[in-house]
Amino acid sequence: MPTTLIQPEFLVEIDYDKCHKCGRCVQQCGWGVYSFNERPFPDDTKCRACHRCVTYCPAHCIKIKKNDLALRDNANWSAEQRKNVWRQAESGGVMLTGMGNDKFYQSVFDHLVLDACQVTNPSIDPLREPMELRTYLGRKPDSVEVESDGKGGYRLKEGAGIAKNVKLDAPIIFSPMSYGSVSLNVHKSLAMAAERLGILMNTGEGGLHADLYPYQDNVIVQVASGRFGVNPEYLQRGAAIEIKVGQGAKPGIGGHLPGEKINKEVSTTRMIPQGSDAISPAPHHDIYSIEDLRQLIYSLKEASGYKPVGVKIAAVHNVGAIASGIVRAGADYVYLDGFKGGTGAAPAIIRDHIGIPLEIAIAVVDQRLRDEGIRNQASIIAAGSIRSSADMAKAIALGADVVAIGSASLMALGCHLCQGCHTGCCSWGLTTQKAELTRRVDPEWGAERLTNLVHAWSHELQEILGALGVNAVESLRGSRERLRAVGLDAQTCEILGVKPAGL
């Protein structure tokens, strides 16, 4: 009997007339696709189409093609569904995957367009006029007091209420990705870029490596249910603290870091046993009510010298009421993670079918907080497949203060979305702890690419603001009148608070 009914997803073709037989492809592949006997021989069954071998082949003689092996057409059973049945019949297990949801759900961002100035309201040239992207993360006071600056102007009175806010030079931060799920060199790249850009990176589920201490003013430290790496020093080193309750890629379940990815340094940093799986449980055993959440928020504030404390939740049903409770419990920001958010490892069935779109969650939460008169009491961070500066502008127009980018930042470092993060075999050295792979990411190189990405998106956001005729991102925030819907149904438009195009 055959050991498997599943044919390879990709086919590796080598033009041996061009091949230098140098063995570079063997060295570069983290999946063990190639063997070498006078020339490289690929094993198609191991290929993830990460394109590392293609990129580094000096002869450009490797092609990776999707295996179009014909299966009989069936409108009810897709080829993927049939393969999944075969996989589970062979393994008897839950299918794990990495990165974000890749199913054909409607993208609301792709059905929203922004307004532009024409005759009666002039646009602004962002190349010649100052454009303000600076954003403050945290609770704002109900009112402020000003005092004379002695030069005929005014300034905010000391202690006016925003002293504890975190200043961001652009409304972008790097999403939570824990050390262990990604390599230390990825964390260094993110931290160095965050410092240069005047923004923040996030430790993810806990643990701040000592090499990142010099960048602590640009780091959000996260406290998850597993409390990995959490101690008083860790809390005091962050510019802000984040309580992780849920994650968009896997709402309702906890985190799981496979033991294969926990080497000595990860073990020390996250204060967990080396080589054994690290599980952060789904229930946050410190939190069973809003009162519990309030107690935890103020405990963390007390332990950190009253730094801003935020709460990260997955976008789920009734998210407006949940966010309201979080803000009333004293959180300085609410981090909304939509159901297309990325992950290092999650059951595919959870990632692909649970949660709601980020766009809906932003609009609902922003409106709920406005209706209750507490919108100024917390910032909103939006995450979950922010793919471009256009997504960023639309998220801000729907009500977000800041967007967080995870998958996009990994792509800037070489990720090709092969969705094998959970295996620890990443050929690009991103989601692995194998020393021979992690050294492929030079932190200086990575920081430069991340800095370029954020600079590019910031320039594009300035162009969008100029086209809208406003000179500050603050003027776009929650301004849904500048959005119109194309191809969305009436009920979705009503929930978003956006008119159809033409009105």
Side-chain angles (χ1 to χ4, degrees), residues 6 8-14 19-37 39-67 87 95-100 102 177-190 204 256-266 274-275 277 342-346 348 406-407 409-443 445-446 449-450:
I6 306 165
E9 187 175 2
F10 302 100
L11 300 177
V12 182
E13 295 182 356
I14 300 176
C19 179
H20 294 174
K21 302 174 180 57
C22 62
R24 185 79 63 86
C25 52
V26 182
Q27 298 168 358
Q28 293 297 325
C29 182
W31 308 96
V33 169
Y34 297 94
S35 58
F36 195 89
N37 183 8
R39 64 182 188 178
F41 291 92
D43 179 352
D44 297 326
T45 62
K46 296 180 179 177
C47 181
R48 305 285 305 204
C50 77
H51 288 193
R52 179 83 184 187
C53 59
V54 175
T55 304
Y56 282 86
C57 174
H60 304 293
C61 66
I62 300 175
K63 289 183 180 177
I64 296 174
K65 296 182 177 178
K66 193 166 181 62
N67 187 357
R87 286 192 183 97
M95 290 188 300
L96 294 178
T97 186
M99 299 309 292
D102 58 5
M177 291 180 280
S178 68
Y179 175 40
S181 69
V182 297
S183 68
L184 179 58
N185 282 349
V186 170
H187 256 205
K188 287 181 180 177
S189 300
L190 293 166
H256 180 191
L257 182 64
E260 295 82 5
K261 297 176 80 170
I262 303 177
N263 59 21
K264 185 177 179 181
E265 278 201 280
V266 174
Q274 185 176 344
D277 288 16
T343 178
S407 298
S409 55
L410 289 184
M411 279 187 262
L413 299 176
C415 172
H416 279 53
L417 288 181
C418 73
Q419 300 184 313
C421 317
H422 59 293
T423 65
C425 296
C426 177
S427 296
W428 294 90
L430 304 174
T431 59
T432 178
Q433 299 304 324
K434 295 181 179 178
E436 68 274 21
L437 299 177
T438 59
R439 63 186 177 218
R440 292 177 177 179
V441 179
D442 173 38
W445 171 88
R449 290 181 64 85
L450 290 163

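Between Thr45 atom OG1 and Phe10 atom CZ the span is 13.0 Å, to the nearest 0.5 Å. With rounding to the nearest 0.5 Å, the separation of CD1 in Ile64 from NE2 in His416 is 9.0 Å. For the atom pair OG1 of Thr423 and CG of Leu96, the computed distance is 10.5 Å after rounding to the nearest 0.5 Å. Interatomic distance, CG of Leu257 versus CD of Glu260, reported as 9.5 Å (0.5 Å rounding).
Evaluation of the side-chain hydrogen bond (donor to acceptor under 3.5 Å, both in side chains) rule for Asp44 yields no partner, not counting sequence neighbours. When the side chain to side chain contact (heavy atoms under 4.5 Å, CB included) test is applied to Glu9, the partners found at least two apart in sequence or on another chain are Lys66. Not counting sequence neighbours, the partners of Asn67 by the side chain to side chain contact (heavy atoms under 4.5 Å, CB included) test are Gln7, Pro8, Leu11, Leu69. Annotation: side chain to side chain contact (heavy atoms under 4.5 Å, CB included) contacts of Cys418 (sequence neighbours excluded): Trp31, Arg48, Cys50. Listed by chain and number, the residues in a side chain to side chain contact (heavy atoms under 4.5 Å, CB included) with Lys21 are Cys19, Phe36, Arg39 (sequence neighbours excluded). Listed by chain and number, the residues in a salt bridge (Lys or Arg N to Asp or Glu O under 4.0 Å) with Asp102 are Arg351 (sequence neighbours excluded). Glu13 pairs by the side-chain hydrogen bond (donor to acceptor under 3.5 Å, both in side chains) definition with Lys65, not counting sequence neighbours. Here His422 pairs with nothing under the side-chain hydrogen bond (donor to acceptor under 3.5 Å, both in side chains) rule; sequence neighbours left out.
A donor-acceptor contact shorter than 3.5 Å is absent between the side chain of Asp43 and the backbone of Val33. Looking only at distances, a side-chain donor or acceptor of Lys261 sits under 3.5 Å from a matching main-chain atom of Thr431.
Taking both residues in full, the closest heavy atoms of Leu430 and Gly414 are given as CD1-C, 4.3 Å, listed atom of the first, atom of the second, then distance. In terms of heavy-atom proximity, Pro258 sits nearest to His256 at CD-O, 3.7 Å. Of all the heavy atoms in Pro40 and Val26, the pair that sits closest is CB-CG2, 4.5 Å. Scanning both residues, Cys29 and Tyr34, for their nearest heavy atoms gives CB-CD1, 3.9 Å.
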Walk me through it: do Lys434 and Cys426 pass the test side-chain contact (heavy atoms from CB on, under 4.5 Å)? CA-CA 9 Å; Lys434 295 181 179 178; Cys426 177; over 6 Å; no
Residues 178-190, side-chain donor-acceptor partners within the protein, below 3.5 Å, at least two apart:
unit_1, atom_1, unit_2, atom_2, d
Ser178, OG, Ser181, OG, 3.2
Ser178, OG, Arg270, NH1, 3.0
Ser181, OG, Ser178, N, 3.2
Ser181, OG, Ser178, O, 2.7
Ser183, OG, Val186, N, 3.4
Ser183, OG, Gly429, O, 3.1
Asn185, ND2, Thr438, O, 3.2
Asn185, ND2, Val441, O, 2.9
His187, NE2, Met177, O, 2.6
Lys188, NZ, Asp211, OD2, 3.1
Ser189, OG, Asn185, O, 2.8

Under 3.5 Å, side-chain donor or acceptor atoms of residues 51-62 against the rest of the protein: list the pairs with distances, not counting sequence neighbours.
unit_1, atom_1, unit_2, atom_2, d
Arg52, NE, Gln28, OE1, 2.6
Arg52, NH2, Gln28, OE1, 3.0
Thr55, OG1, His51, O, 2.7

